[in-house]
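Just so it is clear: chains get the letters A, B, ... in the order the sequence lines come, proteins before strands, and each one is counted from 1. Just so you know, these numbers use all the heavy atoms, side chains as well, and skip hydrogens, waters and symmetry mates. Predicted, not measured: the structure shown is a model, and the values here were computed from it.
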Amino acid sequence: MKEKITMPKLSDRMEKGVLVAWDKNVGDEVKKGEVLFEVETNKVVNEIEAPCDGVITDVYFEEGDAVEVGKTIAEYEVK
Amino acid sequence: MIYVDAHTSDTYLNFGCEYYFATEKRLDDTVFMLWQTTPTVMVGKYQNALEEINAEYVEKSGINVVRRMSGGGAIYTDLGGWQYTFITPNSDKTIEFDKYIGPIIDAIKTLGITAKFNGRNDLIIDDKKFSGTAQYIHNGYTVHHGSLLFCTDIEEMVRSTTPSDQKIISKGIQSVRDRVTNIKDHLSTDISSEEFKKLIVDYIMGHKANEYVLTNEDKERISALADKHFRGWKNAFGSSPAFSLERSRRFEGGTVRFRFDVKKGIITNCKIDGDFFGTGIELIEKALIGTSYNKADISASLDKIADEISIYRIDKNDLVSAAID
């Protein structure tokens, strides 16, 4: 089963977040709770964690991209 | 609320202390710190440090450079100001500013000063900023920190955070003076920086002596975390995102233009052109690839090939100044 990771809405006024760092690459196995990527919005750096175990299959944005809340950033195969 | 005082004005140890309480000594209650630094420029976690600071001035003046774990822009701090920190468990991982900033505004109100939150996470007095705030959320803990300008040297702030051009600096000082203010300038009764600290700590802690005193073991870990994550060129500059820059400078022998790609502080590509006369240009380009983008390393890389380069009326120091200053 594939799972989508979207840009989370981290505060009421957040519309976009900048994907500032990828901690994982396509093909990486990730464990629930591991940091996938980091998002900066409104002077806050947030670590976005994997919601469950799996393998990253696709990433749609690069470091430095501003991504709207709700857009798919990556997909992964749930284990 | 638990009060922690690292009893140091070492920038890196204070950042190490914050990080320690967010990552290793994770307490169930909120930790509050109020701390000072010797002159320091603090850049945001994903800022390009080289673009945010006047590297030459900062180096010459012995000003620390540190990369925060939090977002936002570059700020200047010195012993004329205070930094406050709240480190708190945050299981829902949401961003909140009001719950940290509210008590700071209330504490400042006891001095007869009406401060406001301007919506960009700055605190202002009469539209002038005296405090900036930022956060990072790490593994279920939020670290919220902010600066409080009490009697900070505004001119040093501008000199260390703007490009080296003297005209820009003069204009910058005026423009920053119009936008930034020190709390001390708004007091009806003069108080010392230490009295200000006591007032803020007492207000936030509610006069309760709930202090966690750092043990020697804590201090050792804090020092190790400070060295690993905050101190040194690699942490401050080597973690900058990838960037490209173009610089040119005119000398008696002609104009020299450098184009660099820099990744994690290391030059990954270098092209040189201009209207100078000389040989060995490809050697310079080659020698600089793999060199850290800082003055000492660039100079050392050029020294190694000095015998093979000959440019009419442009010497090694000229090249270094064209590449970086």
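- Neither the backbone nor the side chain of B/T142 comes within less than 4.5 Å of any heavy atom of chain A.
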Taking it one step at a time, do A/V18 and B/Y46 satisfy side chain to side chain contact (heavy atoms under 4.5 Å, CB included)? CA-CA 10 Å; A/V18 178; B/Y46 290 106; over 6 Å; no

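- Distance check: B/E96 CD to A/L10 CG gives 12.5 Å after rounding to the nearest 0.5 Å.
- Contacts of A/E63 with chain B are absent, with no heavy-atom separation under 4.5 Å from either backbone or side chain.
- Surrounding CG of B/D126 are at most 12 heavy atoms belonging to other residues, nucleotides or ligands under 6.0 Å away.
- When every heavy atom of B/N121 is checked against every heavy atom of A/R13, the shortest pair comes out as OD1-NH2, 3.1 Å.
- Summarising the local packing, CD of B/E24 is surrounded by more than 12 heavy atoms from other residues, nucleotides or ligands at distances under 6.0 Å.
- Counting only N and O atoms by type, the side chains of B/Y136 and A/E47 include no donor and acceptor under 3.5 Å apart.
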Please walk me through it: do B/H138 and A/V45 pass side chain to side chain contact (heavy atoms under 4.5 Å, CB included)? CA-CA 9 Å; B/H138 175 80; A/V45 173; over 6 Å; no

I'd like to know whether A/K43 forms a side chain to side chain contact (heavy atoms under 4.5 Å, CB included) with B/D122, so could you lay out the CA-CA distance, the side-chain angles of the two residues, the decisive distance to 0.1 Å, and finally the verdict. CA-CA 10 Å; A/K43 301 188 191 176; B/D122 299 328; 2.9 Å; yes

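- Residue B/I95 holds its CD1 atom at 10.5 Å from CG of A/D12, rounded to the nearest 0.5 Å.
- Residue B/E246 places its CD atom among more than 12 non-hydrogen atoms of other residues, nucleotides or ligands, all under 6.0 Å distant.
- Residue-environment remark: NZ (B/K263) stays at or below the threshold of 12 foreign heavy atoms within 6.0 Å.
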